[in-house]
Structure formats: C-alpha cells, structure tokens
Amino acid sequence: MKLHSVTEILTSIEKGETTALDWTKASLDAVRQVDSELEAFLTVDEDSALDRAAKAETGLLNGVPYALKDNICTEGVRTTAASRILENYIPPYSATVANKLQAAGGVLIGKTNLDEFAMGSTTETSAFKKTKNPYSKGCVPGGSSGGSAAAVAAGIVPFALGSDTGGSIRQPAAFCGVFGLKPTYGRVSRYGLIAFASSLDQIGPFTNTAQDAALVMNAICGHDAYDSTSAKVEAEDFTRDLDLGVKGLRIGIVRNLPEEGLNKALKQAVDEAIRKLEGAGAQVVDVELPHSQYAVATYYLIAPAEASSNLSRYDGVRFGRRAEASSMIDMFEQSRSQGFGMEVKRRIIIGTYALSSGYYDAYYKRAQQMRTLIRQDYEKAFEQCDVIIMPTTPTTAFPFGDKADDPLAMYLNDIYTIPANLAGIPGASVPCGFVDGLPVGFQVLAKPFAESTILRVSHAYEQLRDFSWPTPELGVAE
Amino acid sequence: MNYETIIGLEVHVELKTNTKIFCGCKNDSKSEPNTNVCPVCMGHPGALPVLNREAVDLALRAATALNCTINQQSKFDRKNYFYPDSPKGYQISQFDKPIGEHGYIEIEVGGEKKRIGITRLHLEEDAGKSTHAPDGSHTLVDFNRTGVPLIEIVSEPDMRTPEEARLYLEALKSIMQYCDVSDCKMEEGSLRCDANVSLRPVGESKFGNKAELKNMNSFRNVQRGLEYEVERQTKVYNDGGDVAQETRRFDEATQTTISMRSKEEAHDYRYFPEPDLVDLAIDDAWLDRVRTTLPELPLAKRLRYEAQLGLPAYDAGVLTADPLVASYYEQVLATNVDAKAASNWVMSDVLGGLNNEGKSPAECPISPEHLGGLIAEVSSGKISSKQAREVFKTMWETGKSAKEIIKEQGMEQISDVSVLGPILDEVIANNEKSVADFKGGKDRAIAALVGQVMKATKGKANPALVNQLLIEKIQAL
Ligand SMILES: [Zn+2]
C-alpha cells in the first residue's frame with residue numbers, strides 16, 4: 001500500500017494536524033524498516049534532514065520529504081553517480097533542482113541508487129548495491145533511476161527525482177508501479193546533474209500520482225542562468241489543467257510500432273487504459289512514426305559519443321579516485337581503469353569510436369541526421385493528435401541477471417522510451433495494471449512544453465483506474 | 001638550388017574580459033594559484049558552461065578590425081584530449097564555424113604594401129598551467145588561467161621571409177591593442193605565436209613538409225627562430241635529405257630549434273558540437289554597434305598622419321604602432337604645437353626614456369600637456385634647444401611644468417633690449433679689435449662679440465637678438 005501523497009502531506013501540515021518533522025521522522029523510520037532489503041539508498045542524511053525539517057519554512061513543498069538520484073549534486077553530501085571513481089566525492093555546490101527543492105521547503109532524506117553514471121536499465125551496473133523491485137525481490141527495479149522509483153513505490157518518500165536520458169525515469173516508473181515524468185528537454189535545469197549525454201539528459205519526478213508530479217514540477221521548472229540549454233519559457237502552474245478531463249482530446253496510437261518482444265498481457269492492459277480514456281470522451285486517431293525503428297541505433301551512437309567526452313574529466317587529477325602510478329599517463333589510465341565499471345567502459349569505447357576521425361561521418365553524423373528525422377516524425381504526428389499513448393516498456397520487470405550478459409537485448413528494453421529523448425519531447429509513464437504481480441505502465445507523450453496535457457490525461461486516467469493494487473513485497477506497512 | 005620559404009602563423013590572444021569565458025570567475029591568471037576557480041572551470045561533475053557575452057564582443061571587434069567576414073551564426077565544439085591542465089578532458093573551441101573568416105592584414109615590406117590573408121578567427125577557452133618538478137617527481141597545476149577567453153587567429157601561408165612574419169605579428173599586435181581587446185604582452189603569454197614553416201624549390205607549387213615552431217615569446221625570437229629554421233631546412237634539402245613533419249621548440253639559450261614530437265603522435269581530437277551550449281547568434285544590431293565603435297586603426301591613422309600632418313612615413317609608423325603612443329602624441333598636438341617638433345620629442349626623448357626605464361606609455365612621467373608647454377617655450381625662443389633638453393630631464397624627474405622649471409632655474413633668455421643695451425655697450429667698448437675687424441669686413445668677428453655677451457649673461461641672452469643688436473650698434477658707431 002502506498003504511503004502518503006505529496007498532496008496529503010501538504011494539506012495535513014497546512015491544517016496543523018502534523019508537522020514537517022513528523023513526516024521527516026516517518027520517512028527516516030521507513031528507510032530503517034525497509035531499505036536494508038530494498039537497497040534503494042546510497043546515502044541517508046539523517047541529521048541534515050531532521051535539522052532542515054525543524055527549520056522548514058513556507059514554500060511550495062514545505063515539509064515534504066524527498067530523495068534525489070545520486071547523480072544530482074548536493075553541496076556537502078556525498079554524490080557518487082554509483083561509480084567507484086566518485087566513491088568519496090563531496091560536491092562543493094548543489095544542483096539547481098536541489099537548491100529549488102530546498103527553497104521550496106522540501107526535506108532531503110537521502111540519495112538513491114542508480115546504474116553507474118545512469119548507464120543501464122536495471123540499476124545492476126551500480127558499483128555499490130542492487131536495488132530490488134518492491135513488488136518482487138528477485139526482479140530488477142528498472143533503471144537507471146531504479147533507486148528513486150523503488151523508494152517511492154515502497155512508500156519511503158512521497159516523491160523523488162530521477163534523470164531520463166533514454167527512458168531512465170519512465171521505464172523504472174513502469175517497473176515499480178509509480179508515476180514518472182520526463183519533462184521537455186530544457187524545462188528543468190541540468191546544472192548539477194552529473195552528465196551522461198548532455199543533449200538527451202533531463203531531470204524529472206517520481207510520484208504516486210500525476211497531481212503530485214504537477215506540484216513537484218511547479219517547484220523545479222524554470223529558466224536557469226547557469227544552464228544555457230534551459231528553456232526561456234514562462235513559469236506555469238502545472239496543476240491548473242488537471243481536472244479538465246479528456247473529452248474531445250485526440251489520442252494518437254502508433255500503427256507501425258515495433259511489437260516484437262511485446263508482452264501480450266501488458267499490451268492488453270495498455271489497450272484497456274486507452275479504452276477507458278475513450279469511454280471518457282477522448283478520440284483515438286492513428287499516427288505514424290516511420291523512423292522509430294532506427295531510434296535505438298541512433299541513441300546508442302549519440303549517447304555514448306557524448307558520454308565518452310563527458311566522462312573524460314574523471315582523470316584522478318582534481319577530485320575522485322586517483323590510482324597510484326609512476327607516470328602521469330599511467331595515473332590517468334589506472335584511475336579510469338579501476339574507477340569505471342564494464343558498462344561505462346563499453347559506452348566510452350563505442351562513443352570514442354563513433355567520434356574518431358574516419359568514422360565520424362559514418363556514425364555520429366548520420367545519427368544526428370536520423371535524430372532530425374525522428375524529431376520531424378513527432379512534429380507531424382502531433383499535428384494530428386494531442387498525445388500519443390503506447391506501452392512504456394515491452395515487458396514487465398525481469399529477474400536479476402536475466403539480460404546482464406546481453407547488452408543488445410538490454411538496449412531494446414528502451415525501444416519505446418528512447419525516441420522522446422531524441423526528439424526532446426515530454427513523456428510520462430502511468431501505472432495501468434499488474435501482470436503476474438508486476439506493475440505495467442503506459443506512456444503518454446506530447447509535443448514540447450505540453451507537460452500540462454500529459455498530466456491532465458494521466459490524472460483523468462487515474463480517476464478511472466479500477467484494478468486491485470497489490471501490496472509490494474518490500475514496502476512500508478500502513 | 002633556390003628555395004622559397006612559406007610561413008603561416010597561428011596566434012593566440014588572451015582577451016581582457018572581467019570574467020572567464022564560461023563562468024563568473026575573475027579573469028586574472030596572476031593571482032595566487034587556484035584562487036580564481038569554481039566548479040565550472042574546474043570541470044566538476046554536473047557543472048555547465050555559460051558563454052560570456054563580453055568575450056564574444058571582444059572577438060567580434062578583433063574579427064572586424066582584421067577585415068574578416070563575420071559568421072552571424074556560429075557554434076562551439078569540443079576538442080577532446082587528456083592533459084592534467086585541461087580540467088574537462090576537452091577544450092571548448094570553434095571548429096567548422098568560427099566567428100570570423102577570410103580577413104587580412106596589410107604590412108609594408110621594403111616600402112611595398114603586402115596583404116597577408118587571415119584564414120579564420122575563433123573563440124576558445126585557455127587551459128591551466130602545469131609546473132613540472134625538475135626531477136619528474138610531481139607536477140603542480142594552477143587552474144587560474146583555465147577558462148580565460150582566447151581568440152586564435154590563423155593566417156594564410158602568405159609570408160615569404162622571417163621578417164615578413166615579424167612585421168605581420170607586429171601589425172596584428174598593434175591592431176589588437178587599438179581594438180582594446182587584449183594587453184598583448186608576449187612575455188607574459190597574453191599573445192602567443194606558433195609558426196608553420198616549410199620550403200619549396202622556386203617555381204614549384206607543392207608545399208614541402210612543414211615544421212611547427214612553438215614557444216617563441218618575443219618578436220625577436222619569432223624572427224630568429226624562423227631564420228634558424230629556414231637555414232636548417234635548406235641544409236637538410238641541400239644534403240639530399242627530407243624535412244620531417246614535426247613540432248619544434250625555439251630554445252632561447254642556444255638560439256636554435258629543437259624537435260619536440262613528430263606528427264605521427266598527432267591527436268585525434270574527436271571534435272563534435274558542444275551540447276552544453278546553444279548556437280551563438282549575433283544580430284545585426286550587435287554587429288553594427290561593434291563596427292561603429294571600432295576606433296581608427298593603425299594603418300588608417302598612419303596614412304592620416306602622413307597626409308594631414310605632413311609627417312615622414314617613418315615618424316608616422318613609429319607614432320601609430322602603439323595606440324597609447326599615438327594617443328599621447330595627439331594630446332601633445334592638441335596644445336597647438338608644430339607636428340614635426342612634437343614628433344621629434346615623442347619619438348626620441350619620450351620613447352627613449354620609457355624604453356630605458358622599461359615603462360609603458362601610460363606610465364610616462366611627463367604629461368602630454370607639459371611636453372606641449374616645453375615645445376612652445378622653445379619655439380617662442382624663451383629657451384634654447386640645448387636648455388630645453390635640460391628642462392626635459394627635470395620634467396621627467398619631477399613631473400613639473402616647463403614654465404615652472406625655467407622660472408625656478410632662472411633660465412629665461414634675456415630678450416629685453418633695455419637689459420641687453422648696457423651689456424652690449426660694455427662689450428663693444430672692451431673689444432676694440434673685434435669691432436674694428438668686423439667693420440673691416442671680417443663678418444666672423446661678430447661671433448667673438450656674441451660669445452662675450454653670452455659669457456657676461458651666463459648664457460641667458462637670446463643669441464639671435466644679441467647678434468642683431470650688435471650689428472646695429474656697431475654700424476651706428
Ligand atoms: Zn570558474
């Protein structure tokens with residue numbers, strides 16, 4: 001059973017029934033109760049959390065406990081990106097989102113586990129621990145934001161932030177049965193987000209409901225002078241359109257969607273959700289995304305190319321792990337060789353190769369051209385519909401180690417989520433059922449800066465949702 | 001065999017912005033090591049660059065002054081390489097779309113004008129500074145310079161002699177100083193020059209292998225290094241060998257060039273568009289503002305000095321090379337003194353004095369107004385030019401005005417006829433022989449009489465006036 005929503009906490013504090021300190025203590029108790037088995041957290045900052053809760057002032061998220069994916073920098077609090085190379089790294093500054101949440105009165109409980117440098121779809125590539133899926137201890141929580149998704153699903157915190165480069169918010173949200181939103185590229189400042197692939201990364205929330213996500217979005221969005229790529233768009237109230245319903249709204253269904261490996265029961269659950277929305281007055285239309293079949297290949301050139309460059313700074317010179325060696329070049333090599341895990345090394349090598357002279361035109365440049373075509377597909381599709389709905393993932397959460405030895409099979413897990421990052425559009429995953437006791441979700445995509453529409457459709461569906469919600473194996477008892 | 005020399009220069013100029021190019025840190029690399037640093041310029045995880053518009057503005061000024069075509073849409077790229085003083089493991093630079101392209105500089109070689117093409121001018125960030133322990137035990141890195149804005153100016157291979165290369169570099173420095181984009185101190189590294197030099201048999205169009213020369217920190221070294229390199233390559237070819245494509249360093253101690261590394265070890269920089277920065281758009285208004293606020297450039301000023309002030313080409317060249325000198329000269333002129341007289345004083349006495357003391361024109365102890373005052377005293381005949389040199393010396397030491405010094409030292413020439421009259425009468429009376437000689441047609445005898453007057457007045461009498469009065473008086477006898 002889910003614990004408390006952001007909305008409930010805010011109302012309760014406002015009425016004077018509870019205090020920020022009560023919720024912070026409850027959240028810290030929940031960590032103690034569950035996390036030794038769940039292993040969602042890499043760092044829990046109990047003293048600071050209690051301190052901050054005692055001083056919580058008015059703000060959009062006054063007194064609400066939360067967690068941050070451990071690739072979001074927090075001044076004075078260890079931030080590792082789940083990598084050995086940053087095992088003892090304490091940032092000298094905070095990410096803009098961390099500052100914004102603190103300014104809003106939120107209370108940071110701790111930092112959550114992830115795939116090393118956000119590279120992975122299972123959280124298994126973390127150098128430190130394996131986060132469990134709250135609904136089945138033997139299964140992965142998804143990734144790369146597995147810790148944040150699991151922490152919300154298990155009821156430890158009412159919301160957590162993750163980052164999404166190719167589906168790293170939406171896929172674990174689907175696997176863990178929570179709501180997860182990847183905003184439009186540029187909506188949320190990336191300043192202080194440890195970069196994986198700069199042109200694809202975007203920070204977003206995990207919550208229990210679309211309404212909670214709207215509240216968190218109100219606190220974290222906005223132009224940031226410290227991030228040149230952050231969009232200069234007016235601040236808006238994301239809760240405004242929540243209750244408008246879906247009457248007359250056009251839902252796009254992609255007819256040429258690759259369905260190889262798509263779980264039938266999962267597809268049925270998504271179709272059922274679409275039928276419910278249709279029943280509430282939405283209109284279903286067919287759309288085409290002719291280049292989506294190339295999205296995974298495109299992504300696995302662009303993301304590693306940028307990553308190979310972004311990860312060059314981990315050389316042992318200024319911070320992080322430094323290996324003992326007899327020469328400077330040896331020191332670089334040994335520090336990186338010991339500090340990075342297999343998946344990270346694999347992507348650095350792919351990226352370095354894709355950018356190297358003689359291969360640039362054949363790989364990186366063609367991938368950029370394909371990216372433009374994919375973006376244009378979505379522009380055309382959104383002339384015909386307001387949102388596109390499709391499954392978030394082809395399957396439900398799978399057992400640990402299932403795909404660990406087969407990177408290509410693993411990469412195909414992101415087949416439905418990757419295009420949104422290439423196109424820079426927003427997308428959310430909404431829980432819409434359970435298959436064999438494991439959650440499934442559908443994805444809602446919209447044109448750039450149309451997060452309100454996504455939240456409106458998601459909220460409308462949440463009101464119509466009528467299946468029975470299993471209790472997580474690992475979760476806070478009511 | 002006769003060979004033709006082909007030289008091209010790559011010049012890095014540090015821009016004198018207040019803050020670094022991608023963060024708010026102070027642009028001052030001479031502070032205590034690692035004091036002007038932040039998460040951005042140290043390449044900390046998650047930190048992002050934000051472009052400093054002041055740096056773009058200065059680059060635009062420079063590109064416009066160098067007659068470049070401005071790319072109003074340009075972008076930044078990453079140049080990837082590992083080095084301990086490169087904090088991010090890549091340098092943010094401009095690869096295929098620089099701010100400026102296809103410019104030129106005009107130089108004068110042996111009285112002939114020559115145009116040297118500029119291939120490109122682009123913006124980039126500087127790296128830090130490594131200090132290696134002599135025993136190789138450790139390396140210290142100072143990141144104050146990391147993120148200091150640079151422009152790189154790449155010339156066409158249009159220079160044919162080391163002298164032309166030096167003249168090009170001097171002209172470039174002068175233009176940069178006029179635009180006020182950099183202090184251009186070569187010895188401090190705010191102007192850095194690398195040269196590419198190759199030879200080919202006269203008449204052949206194919207370029208020979210080129211050597212890249214680094215580490216030349218003065219104009220003299222640039223010319224000397226290139227001269228050595230031309231000699232060396234000539235000898236290699238004459239001995240039947242082939243010049244290796246390599247990077248060489250100019251060694252000041254031996255005045256020779258030494259091989260650093262061969263081109264086989266060249267990097268693959270894996271350039272790609274910098275995803276953390278949006279493309280750079282320069283609108284028409286910005287460009288117009290730069291064009292209209294650009295000062296008169298050295299070449300235009302030099303031609304104006306020749307035409308308008310009637311100065312010899314040499315004077316005009318010396319006075320306009322440094323904008324501070326030109327500005328000083330123009331302020332002297334503003335006191336309404338003769339242009340050539342002012343030029344003589346500024347070129348020999350002022351520049352000589354500054355040079356002796358290693359001072360910049362901004363530190364000149366004599367204000368332009370005071371120098372103008374001195375020149376006026378000479379031209380009005382109040383003091384002799386010999387006296388003027390002494391006054392100048394005192395002005396340099398004390399900063400006082402010429403008038404004040406002349407008064408204090410009682411230097412005014414005696415031009416008062418009522419004062420001179422009795423002295424002249426006495427000299428005429430006491431020198432009968434000279435008077436008689438003069439009357440007898442020996443014109444030179446007058447000099448002896450003038451000498452006597454000067455002696456009697458301790459040199460203060462106005463010699464021209466004394467000469468004239470003596471003649472009048474003797475003829476009237
Ligand atoms: Zn800085």
Side-chain angles (χ1 to χ4, degrees), chain A residues 71-73 79 81 86 89 91-96 117 186 189-195 197-201 224-230 302 305-306 308-320 327-329 331-333 336 351-360 364-365 368, chain B residues 22-24 34 37-53 75-92 95-96 127-128 130 132-133 136-143 146 266-280:
Chain A
N71 60 352
I72 297 172
C73 286
T79 304
L86 287 175
Y89 177 64
Y93 77 108
S94 284
T96 298
F117 283 104
S189 168
R190 290 185 296 116
Y191 189 71
L193 170 67
I194 297 180
S198 310
S199 74
L200 301 160
D201 295 342
D224 180 13
Y226 289 97
D227 176 359
S228 309
T229 63
S230 93
I302 291 175
E306 291 184 16
S308 71
S309 174
N310 284 331
L311 267 54
S312 312
R313 69 192 63 209
Y314 305 103
D315 55 10
V317 175
R318 285 144 292 118
F319 46 75
S327 79
M328 193 175 77
I329 298 295
M331 191 273 280
F332 289 174
E333 283 180 4
R336 291 171 67 80
T352 303
Y353 187 80
L355 287 176
S356 58
S357 69
Y359 299 97
Y360 180 92
Y364 180 82
K365 201 171 162 194
Q368 289 291 23
Chain B
F22 297 124
C23 65
N34 298 310
V37 294
C38 73
V40 176
C41 58
M42 289 288 273
H44 270 258
L48 297 172
V50 176
L51 180 60
N52 177 356
R53 294 183 60 94
K75 69 176 176 63
F76 288 91
D77 302 273
R78 288 189 187 176
K79 181 181 181 180
N80 294 282
Y81 66 94
F82 282 102
Y83 204 72
D85 59 20
S86 163
K88 298 185 293 297
Y90 55 84
Q91 178 191 31
I92 304 177
F95 180 53
D96 54 352
S130 299
H132 306 284
S137 64
H138 62 273
T139 298
L140 300 173
V141 196
D142 177 6
F143 293 99
T146 306
H267 283 101
D268 178 356
Y269 290 119
R270 306 189 313 279
Y271 279 100
F272 75 104
E274 165 59 275
D276 286 332
L277 288 170
V278 289
D279 288 356
L280 172 58

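The structure presented is a predicted model; accordingly, all values stated were derived computationally and were not measured. Here is how names work: the chains are called A, B, and so on, in the same order as the sequence lines, proteins then strands, and each is numbered from 1.
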Practice problem: Return the minimal non-hydrogen interatomic distance between A/Thr229 and B/Val278, and the atom names on each side. | Solution: CA-CG1, 4.2 Å
Quiz item: Do B/Arg270 and A/Ser356 have a side chain donor and acceptor closer than 3.5 Å?
Solution: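 Side chains of B/Arg270 and A/Ser356: no pair found under 3.5 Å.
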Quiz prompt | Side-chain donor/acceptor of A/Arg313 to backbone N/O of B/Pro87, under 3.5 Å | solution = no
Working to the nearest 0.5 angstrom, can you tell me the gap between [X] [atom1] and [Y] [atom2]?
X: B/Lys79; Y: A/Ser309; atom1: NZ; atom2: OG; answer: 13.5 Å
X: A/Leu355; Y: B/Tyr269; atom1: CG; atom2: OH; answer: 15.5 Å
X: B/Phe143; Y: A/Arg318; atom1: CZ; atom2: CZ; answer: 5.5 Å
X: A/Tyr360; Y: B/Phe272; atom1: OH; atom2: CZ; answer: 8.5 Å

Is there a side-chain contact between [X] and [Y], using heavy atoms and a 4.5 Å cut-off?
X: B/Phe82; Y: A/Met328; answer: no
X: A/Leu86; Y: B/Pro45; answer: yes
X: A/Glu306; Y: B/Pro273; answer: no

Between [X] and chain B, with a heavy-atom cut-off of 4.5 Å, which part of the residue counts as in contact: side chain, backbone, both or neither?
X: A/Leu200; result: neither
X: A/Ala225; result: backbone
X: A/Leu193; result: backbone
X: A/Tyr191; result: both
X: A/Pro91; result: neither
X: A/Tyr359; result: neither
X: A/Asn310; result: both
X: A/Thr352; result: both

Quiz prompt | Pairs of heavy atoms under 4.5 Å with chain A: top-ranked of B/Asn80, B/Asp276, B/Leu277 | solution =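 So the answer, after comparing B/Asn80, B/Asp276, B/Leu277, is B/Asp276.
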Exercise. Output the option from B/Pro84, B/Pro49, B/Gly89 having the highest count of non-hydrogen pairs under 4.5 Å with chain A.
Key: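 That would be B/Pro84.
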Quiz item: Relative to each other, are the rings of B/His44 and A/Phe319 parallel, tilted or perpendicular (30° and 60° limits)?
Solution: tilted
Quiz item: Counting heavy atoms not belonging to A/Phe332, are there more than 12 under 6.0 Å from its CZ?
Solution: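 Above 12, so yes.
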